[in-house]
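Here's the structure, in structure tokens; my notes come after.
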There are 2 protein chains.
Amino acid sequence: MSEFEPLIKHIRKRVDMTDDELAELTSYFNVKKIKKKQFIIQPDFVAKHRNYVVEGAFRAYVIDGKGEEHTIQFAIEDWWISDYNSFIHQQPATMFVVALDNSIVLQLTYEQEQKLKAAGHKYETFFRIMAERSAAYQQRRIISNLTQSAEERYTDFLEKYPLVAQRVPQYALASYLGMTTEFLSKIRNNKVRRKS
Amino acid sequence: MSEFEPLIKHIRKRVDMTDDELAELTSYFNVKKIKKKQFIIQPDFVAKHRNYVVEGAFRAYVIDGKGEEHTIQFAIEDWWISDYNSFIHQQPATMFVVALDNSIVLQLTYEQEQKLKAAGHKYETFFRIMAERSAAYQQRRIISNLTQSAEERYTDFLEKYPLVAQRVPQYALASYLGMTTEFLSKIRNNKVRRKS
DNA sequence: TTTTAACGATGAACCAGGTTAGGAAAAACG
DNA sequence: CGTTTTTCCTAACCTGGTTCATCGTTAAAA
């Protein structure tokens, strides 16, 4: 079984494509092995690829003026990751994207993606759906950050993404949820003062 | 000059279309006048349209468990607004979208949008670009919420969207920026304690 | 196997921003 | 118009979450 099987299933769930179309689509991607702690995107370099995770786990984060890390996105099997803003506008990245484990990704370069989208309406549709889902996902996160307490954000994350929560270090999860590691530790150990 | 002129310019900036294509595209939209304080989207009803603002101003917000409003998005001239998640999945909305002034919008129903996307590759491309921009915009907002203080978020907003800041009530802006009106008032009057 | 570094837990002092409560002024409306 | 409602401001007090410093534990490297 090829490394492309998971991607093929992934796409089939979203758009209706023939075997030929899928074969053409996957031919635009390259398989790449990434070792744990290796960076696939760094600030000031343009994000060259969109990455589909076949195996492993990644974290995208920014560093603010005080030197603090803030996690923007995690990606495990069957997820995509990149510095999206850098990739779609082909401008220097602001994020780091690092492997949390030894991983295998399928990479699509910006140029290949342009060709693919031009090659057929259905391919364009697929990327439109990806972008729409990404926008909807991020809107849910904005709402969660605006409306929920630190504890609620944590318990919600556990419910929605139990697999991710298990695999990423706690400081990374804390920085994703917008709190300090110390506070997350207190929540996890029920040391947060509750009303009543 | 028709109400469609602004939309035509808007689209021309993003994709290359012939006059015929633009004429076909705009034929899928309907002009609608909305009075101040009128709701165009409400929770539990499916968001039927994507709305392009020709004239006026809108606010999209959610109400949390404590009854507090949180502004998700503003839209003035040349912006789009809807409950995006409700619209693309055609599921009940969670947001209110209300007119802040007497307004004119161009509405595209979900069904018309599906037909339009099916009618040509270029139309699909346009919606793909819209979704990508929306995703990139929202990611910037997430980063801003994670990395900046309340005061920084406010001054940044003023710089980036001076026209919006002028036109929306302060409580709406505060709830967009993730702070209370009272605190925003302190910031505006330089009553926030500063270090040194 | 030992050493070192990374990770997580804990507690006390502290602060950014929230709450509560009031009142003034500007819009909206009949 | 005058009246009602909405919006904005001020100020004292409060709290969820941070900061800083310390220590045990686990995992990687040598």
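Keep in mind that the numbers below use all heavy atoms, side chains included, and drop hydrogens, waters and symmetry copies. Below, read A as the first sequence line, B as the second, and so on, with proteins coming before strands; counting in each chain starts at 1.
Under the side-chain hydrogen bond (donor to acceptor under 3.5 Å, both in side chains) criterion, the residue pairs touching residues 171-183 of chain A are A:Thr71-A:Ser175, A:Tyr137-A:Tyr176, with sequence neighbours excluded.
The separation between B:Leu173 atom CG and D:dC8 atom C1' is 13 Å, rounded to whole Å. A straight line from CD1 of A:Ile187 to P of C:dA9 spans 12 Å, rounded to a whole angstrom. Between the CZ atom of B:Arg167 and the C1' atom of C:dA27 there is a distance of 17 Å, rounded to whole Å. To the nearest angstrom, C1' of C:dC7 lies 13 Å from CD of A:Glu69. Atoms CD (B:Glu152) and P (C:dA16) sit 12 Å apart, rounded to a whole Å. What separates CD of B:Gln166 from P of D:dC8 is a distance of 14 Å, to the nearest Å. Rounding to whole angstrom units, CG of residue A:Leu146 and C1' of C:dG17 are separated by 15 Å. One can place CG of A:Leu100 at 15 Å from P of C:dA6, the figure rounded to the nearest angstrom.
For A:Lys35, there are no salt bridge (Lys or Arg N to Asp or Glu O under 4.0 Å) partners two or more places apart in sequence or in a different chain. Residues that satisfy the side chain to side chain donor-acceptor pair (under 3.5 Å) test with B:Asp44, not counting sequence neighbours, are absent from this structure. Every side chain to side chain donor-acceptor pair (under 3.5 Å) that A:Lys122 has, sequence neighbours left out, goes to A:Glu21.
The side chain of A:Gln170 contributes an N or O atom lying less than 4.0 Å from OP1 or OP2 of C:dA9.
Counting only N and O atoms by type, the side chains of B:Arg188 and B:Gln170 include a donor and acceptor under 3.5 Å apart. Side-chain contact, A:Gln138 with A:Ser134: a donor N or O sits under 3.5 Å from an acceptor N or O.
A cation-pi arrangement is found for B:Lys117 relative to B:Phe127, the charged atom lying closer than 6.0 Å to the ring centre and inside a 45° cone about the ring normal. The side-chain tip of A:Lys48 does not point at the ring of A:Phe87 from less than 6.0 angstrom away and within 45° of straight on.
Place A:Thr181 and B:Gln148 on DNA chain C by their nearest nucleotides, and A:Thr181 ends up nearer the 5' end.
Of the candidate nucleotides D:dC8, D:dG17, D:dT10, D:dT10 has the atom nearest to the side chain of B:Asn189.
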Check nucleotides 24-30 of chain D for protein N or O atoms closer than 3.5 Å to its own N or O atoms and list the pairs.
| residue | atom | partner | partner atom | Å |
| --- | --- | --- | --- | --- |
| D:dA28 | OP1 | A:Lys36 | NZ | 3.4 |

List, with names and distances, any nitrogen or oxygen atoms from the protein found under 3.5 Å away from nitrogen or oxygen atoms belonging to nucleotides 18-21 of chain C.
| residue | atom | partner | partner atom | Å |
| --- | --- | --- | --- | --- |
| C:dG18 | OP2 | B:Thr180 | N | 3.2 |
| C:dG18 | OP2 | B:Thr180 | OG1 | 3.4 |
| C:dG18 | O6 | B:Lys186 | NZ | 2.8 |
| C:dT20 | O4 | B:Glu182 | OE2 | 3.4 |

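Closest of all the heavy-atom pairs between B:Ser103 and B:Asp101 is OG-O, 2.7 Å.
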